[in-house]
Amino acid sequence: MEKLNILLITGIVTDEHTPLMNPMIRYMLESTERFKVKITEEFTGCTAETLKKYDAVFINYDGKESIETPFVNWGKTAEEALYEYVKNGGGCVLLHTAIMNPTGRVHDDEYVKLVGFDFELKGAAGDINGVRKNPALEYVIHTHRDAHEIVAVNQENWMTVQEDVFANAKQVDPDITVLASVTDRLEDYDLNKMQDHVAAVYKGFDMSKLPGINEEVPVVWTHNYGKGRVFVCAICHGPDTLCRPNMTSMLCRGTEWAASGEVTIPYPDIQGERRKNAWPFYNNITWSQMGEIKKW
């Protein structure tokens, strides 16, 4: 099967996220032998001519050096090239904080349409009516296995590690297919169990009145933007979750679907002797060999 060409767009991601993710994502995708991945850390100036050689773009970029610093945009040329590329049939994968909607884009509303939800942080941090971060760090992911072939092979329920879940976003595309969700539990908002910086945000609020509390929050979904297929994974904060077989499978299969409309990549085989193989499990490299290879 001919390999799919993927452009991984990164460069600026808030400093609580490790840059190790980008080479790991490339290694993960290429280990399936279904993809050829190029990483760019400077998307500014990109044109339609640049993008036409790729089957999909994979965006791991939120444009902020830290939570407090201003958003850095790609500029009009690159931003509009991206929208036209996807509208005309190019695939798009959006990872984790690439879903966020800080002010500063040339076309803020158009990026929201690309995501399918509006993840704008309204007003002060912790605004009761705005998008919020659930304070827990580990979550049970509920897979909607019947919703799409991408997740048909996943476990129905599985755990993340050191994770972020953003709740109370506004859905802007009515035609969203939710592949996985998390319960935004009231019990997660116990001030005594939060990290200090998170507790400072929620101090003084009546948690029971938070909009959508105890409801299911979509964390993985698909939709269309023009003729383009968009796969969105709002979780996968770092390597801890990336290395879970359920996440590895979902990201590889979701990327294949966005790029081609097909899903052929199997769930990672970790049965029998293959249990000794190193993540991402799609090749025959053992953990003892991994130190010599140093793929990332």
Side-chain angles (χ1 to χ4, degrees), residues 1 4 6 21 24-35 56 58-60 91-99 115-117 134 136-167 169 175-185 215-224 229-272 274-275 277-283:
M1 192 175 293
L4 299 166
I6 308 296
M21 285 289 284
M24 287 182 72
I25 290 167
R26 176 167 60 185
Y27 178 56
M28 176 190 70
L29 292 175
E30 291 188 343
S31 75
T32 67
E33 298 187 350
R34 185 73 168 105
F35 305 101
F58 189 119
I59 304 176
N60 180 29
C92 182
V93 178
L94 295 157
L95 182 69
H96 195 40
T97 51
I99 64 173
V115 174
F117 283 82
N134 180 293
L137 295 176
E138 298 180 354
Y139 305 90
V140 176
I141 305 298
H142 310 298
T143 308
H144 302 213
R145 296 178 61 184
D146 294 335
H148 201 288
E149 58 185 330
I150 292 171
V151 292
V153 298
N154 276 52
Q155 293 174 310
E156 187 173 349
N157 297 294
W158 53 280
M159 288 291 299
T160 62
V161 187
Q162 289 296 107
E163 194 52 70
D164 288 334
V165 166
F166 302 102
D175 193 17
I176 294 282
T177 300
V178 177
L179 277 56
S181 60
V182 168
T183 306
D184 186 35
R185 305 182 307 168
E215 294 181 2
E216 286 290 295
V217 175
V219 293
V220 183
W221 61 89
T222 61
H223 72 121
N224 291 100
R229 292 173 295 272
V230 182
F231 172 73
V232 185
C233 182
I235 51 176
C236 204
H237 174 82
D240 296 309
T241 294
L242 182 66
C243 291
R244 301 303 307 272
N246 282 280
M247 177 56 68
T248 297
S249 169
M250 192 160 53
L251 274 180
C252 291
R253 290 164 66 89
T255 302
E256 182 184 27
W257 173 82
S260 69
E262 300 179 314
V263 182
T264 66
I265 298 170
Y267 188 86
D269 181 3
I270 52 177
Q271 300 298 322
R274 288 191 62 86
R275 73 186 187 279
N277 289 356
W279 177 87
F281 314 115
Y282 285 112
N283 48 34

Keeping [X] on the side-chain end and [Y] on the backbone end, is there a donor-acceptor pair under 3.5 Å?
X      : Y      : answer
Asn154 : Asn246 : yes
Ser260 : Glu256 : yes
Thr248 : Leu242 : yes
His144 : Ala180 : no
Asp175 : His223 : no
Thr32  : Leu29  : yes
Tyr282 : Glu30  : no
Ser31  : Met28  : yes

[X] to [Y] - nearest heavy-atom pair and separation:
X      : Y      : result
Pro268 : Pro280 : CB-O, 4.2 Å
Met159 : Glu138 : CE-CB, 3.8 Å
Asn283 : Arg274 : O-NH2, 3.2 Å
Met21  : Pro239 : SD-N, 3.5 Å
Ser181 : Glu216 : OG-OE1, 2.5 Å
Val232 : Val115 : CG2-O, 3.8 Å

Residue pair [X] / [Y], side-chain heavy-atom distance below 4.5 Å:
X      : Y      : value
Val217 : Phe166 : no
Val93  : Cys233 : no
Tyr267 : Phe281 : no
Leu251 : Cys236 : yes
Arg253 : Val153 : yes
Asn277 : Ile270 : no

Open item on the list: Check this for me, if you would: do Arg34 and Glu262 make a salt bridge, where the nitrogen-to-carboxylate-oxygen distance has to be below 4.0 angstrom?
Closed with: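 The answer is yes: the pair qualifies as a salt bridge.
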
Task: side chain to side chain contact (heavy atoms under 4.5 Å, CB included) assessment of Phe58 paired with Phe231 - done: CA-CA 9 Å; Phe58 189 119; Phe231 172 73; over 6 Å; no

Open item on the list: Counting neighbours of CD on Glu33 that are heavy atoms of other residues, nucleotides or ligands and sit closer than 6.0 Å, is the number greater than 12?
Closed with: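 Not more than 12 within 6.0 Å, no.
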
Measuring from [X]:[atom1] to [Y]:[atom2], what's the distance to the nearest 0.5 Å?
X      : Y      : atom1 : atom2 : answer
Asn134 : Arg185 : CG    : CZ    : 8.0 Å
Thr255 : Leu4   : OG1   : CG    : 9.5 Å
Met250 : Ile141 : CE    : CD1   : 7.0 Å
Gln162 : His237 : CD    : NE2   : 7.0 Å
Tyr139 : Asp184 : OH    : CG    : 8.0 Å
Ile265 : Ile150 : CD1   : CD1   : 10.5 Å

- [ ] Name all residues meeting the side chain to side chain donor-acceptor pair (under 3.5 Å) criterion together with His142; count only those two or more places apart in sequence or in a different chain, and write none if there are none.
- [x]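 For His142, the residues satisfying side chain to side chain donor-acceptor pair (under 3.5 Å) (neighbours in sequence not counted) are Asn157, Thr183.
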
Open item on the list: Going by ring-ring contact (aromatic ring centres under 6.0 Å, His included), name the residues that satisfy it together with Phe117, two or more places apart in sequence or in a different chain.
Closed with: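 Here the qualifying residues are Trp221.
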
Task: Candidate pair Arg229 and Asn224, rule side chain to side chain contact (heavy atoms under 4.5 Å, CB included), full reasoning - done: CA-CA 5 Å; Arg229 292 173 295 272; Asn224 291 100; 3.9 Å; yes

Open item on the list: Could you check whether Trp257 and Thr222, counting side-chain N and O atoms only, form a donor-acceptor pair closer than 3.5 Å?
Closed with: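 No, no side-chain donor-acceptor contact under 3.5 Å.
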
